[in-house]
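As the structure is a computational prediction, the values presented were derived from the model and not from experiment. A note on names: the letters A, B, ... follow the listed sequences, proteins ahead of strands, and every chain is numbered from 1.
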Protein chains: 2
Amino acid sequence: MVSARRGEILEAALEVLADRGFKGTSIDAVAECAGLTRQGVLHYFPSKTRLLLEVLDLRNALNREHLADRNVGEDWAGDFAEAVAFEQDHPSLARMQCVVLAEAVTGQEPARGYVRDRCRTVQDHLAGHLAARYGDRLPSGLDTRTGAIALFALIEGVHQLWLADQDGEDHYPEVVREVLSVLLGDSAVPAVKG
Amino acid sequence: MVSARRGEILEAALEVLADRGFKGTSIDAVAECAGLTRQGVLHYFPSKTRLLLEVLDLRNALNREHLADRNVGEDWAGDFAEAVAFEQDHPSLARMQCVVLAEAVTGQEPARGYVRDRCRTVQDHLAGHLAARYGDRLPSGLDTRTGAIALFALIEGVHQLWLADQDGEDHYPEVVREVLSVLLGDSAVPAVKG
DNA sequence: GTCTATACGTCGATAGAC
DNA sequence: GTCTATCGACGTATAGAC
């Protein structure tokens, strides 16, 4: 039903957004990248804002699809390391997300609501899963809610660091795995002491 | 020596940048906020880019100034909690930083170099301090370098979460303190087990 | 493809201080 | 009479809308 063109435009928009952010993106640039004219783009998406929101949805879909392949929850540290690796294998997705979310922190950007919702649902999700498995406190002694916040912050922060300096450190998935195993308090990982 | 005007313009620029990001900021808006015209601003700062860079320097100066008041290193978890609290007491600084850094992830933004340098120097700094105190491994078993990365990522991530949803959770400084005490492995903090 | 809006940066001008 | 602070007007580029 959705024409192939629509998909192509979304792909093109993802690239341009990743490269220039929302404010910096012109419909012309998206159109050129997709091989049609501005009017062609506006035929499928009524406005730049709607286009952005659909790209964000696309990203969500891709992420969920990827996670669905794993048996999430058996190996938390591994799951998160994998999620980080996935982002790093798809730099456009990662950059788009980072830039657009930050822009949304700003005044009245269209993605503001999206960002707030995402922030809350991800935290609730994490807290729910952790509580289901560990109860009120993680084995490390951390409060479950605190742990969920820390996990989320850590992942977001790692993405930012990686994007800020892609020539630097690139063992982030491994870093995440080790840190998580300490935070959770499982000792399923080589947390070699002294 | 620098005229008072200059300072006023920097202050105004900080506000506007925090509110609209770099791309969204017009010299006109800064000028209006500072009570003069675009040309007046351009008299003190040759370009929008230079203005941005000076605002980033200003932020650095403020941060250093604030940290100089503490006896940094005696209580790591406390230091970081304090740093987070400081940011939250100065929302303009925090938002400006977050938005501008994220924009810099993008193509050829002026702050790109600044961000990469900051990323490296902060990590090196942290790693150096941690190594000086703990050696190759933290008491928690984490590798020192890994710990430094995790600390930095955690702080950056927490800022982002806070900015994304300021109506949500607001115990971030406390969260940071608790998480750090687990990551480092000091048990100087109520990490109540079971 | 044209219209309109906005924004950057330059040029020349004015007015006061030294 | 030159230096500093500021302004108005202009040229150009880009983006969104129809």
Undergrad: Considering residues, nucleotides and ligands other than E32(A), do more than 12 of their heavy atoms fall under 6.0 Å from its CD?
TA: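 No - once you tally the heavy atoms of other residues, nucleotides and ligands closer than 6.0 Å, there are 12 at most.
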
Undergrad: Rounded off to whole Å, could you give me the CG-to-P distance for the L42(B) and dC10(D) pair?
TA: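 Those two atoms, CG and P, are 18 Å apart.
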
Undergrad: Within the structure shown, what part of the strands sits under 4.0 Å from T49(B) by heavy-atom distance: base, sugar-phosphate, or nothing?
TA: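 No contact at all - T49(B) keeps every heavy atom at 4.0 Å or more from the nucleic acid.
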
Undergrad: Which nucleotide sits closest to the side chain of H43(B): dG9(C), dA5(D), dA7(C)?
TA: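 Nearest listed nucleotide: dA5(D).
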
Undergrad: Return the residues of residues 31-40 of chain B meeting this criterion: a heavy atom under 4.0 Å from some atom of DNA chain D. Order them by number, or give none.
TA: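 Hits under 4.0 Å, by residue number: L36(B), T37(B), R38(B), Q39(B).
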
Undergrad: In whole angstrom, give the distance that lies between atom NZ of K23(B) and atom C1' of dA15(D).
TA: 14 Å

Undergrad: Over 60° means perpendicular and under 30° means parallel, so classify the ring planes of W76(A) and F80(A), tilted if in between.
TA: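 F80(A) vs W76(A) ring planes: parallel.
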
Undergrad: In B/S/- notation, 5' to 3', how is nucleotides 13-18 of chain C contacted by protein heavy atoms closer than 4.0 Å?
TA: ------

Undergrad: Heavy-atom count check: over 12 atoms from other residues, nucleotides or ligands less than 6.0 Å from Q39(B) CD?
TA: yes

Undergrad: Could you state the CD1-P distance from I9(B) to dA5(D), rounded to the nearest angstrom?
TA: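 To the nearest whole Å, that distance equals 10 Å.
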
Undergrad: Just to verify, what does D57(B) make a side-chain hydrogen bond (donor to acceptor under 3.5 Å, both in side chains) with, not counting sequence neighbours?
TA: none

Undergrad: Sort and list the pairs that fulfil ring-ring contact (aromatic ring centres under 6.0 Å, His included) and have at least one residue in residues 19-68 of chain B, not counting sequence neighbours.
TA: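 Every ring-ring contact (aromatic ring centres under 6.0 Å, His included) pair that includes a residue of residues 19-68 of chain B, provided the two are not neighbours, is H66(B)-F86(B).
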
Undergrad: In whole Å, I'd like the distance from the CG atom of D28(B) to the P atom of dC7(D).
TA: 12 Å

Undergrad: Which pairs with one or both residues in residues 95-105 of chain B pass side-chain hydrogen bond (donor to acceptor under 3.5 Å, both in side chains), sequence neighbours excluded?
TA: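 The answer is D19(B)-R95(B), R59(B)-Q97(B).
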
Undergrad: What is the separation between atom CZ on R50(B) and atom P on dC8(C), rounded to the nearest whole Å?
TA: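 The distance from CZ of R50(B) to P of dC8(C) comes to 17 Å, rounded to the nearest Å.
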
Undergrad: Would you tell me if any nitrogen or oxygen in the side chain of Y44(B) comes within less than 4.0 Å of OP1 or OP2 on dT4(D)?
TA: no

Undergrad: Hey, could you give me each pair passing salt bridge (Lys or Arg N to Asp or Glu O under 4.0 Å) that has a residue in residues 150-165 of chain A? Not counting sequence neighbours.
TA: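 Listed once each, the pairs are R118(A)-E156(A), D165(A)-R120(B).
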
Undergrad: Counting heavy atoms not belonging to D89(B), are there more than 12 under 6.0 Å from its CG?
TA: yes

Undergrad: Does atom CD (E54(B)) have a neighbourhood of more than 12 heavy atoms from anything else shown, all under 6.0 Å?
TA: yes

Undergrad: Could you tell me how far apart L52(B) (CG) and dC8(C) (P) are, to the nearest whole angstrom?
TA: 13 Å

Undergrad: Tell me: CZ of R20(A) to C1' of dT14(D), nearest whole Å?
TA: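 In whole Å, dT14(D) C1' lies 11 Å from R20(A) CZ.
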
Undergrad: Atom CD1 of I27(B) and atom P of dG8(D): how far apart are they, to the nearest Å?
TA: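 So the CD1-P distance, I27(B) to dG8(D), works out to 16 Å.
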
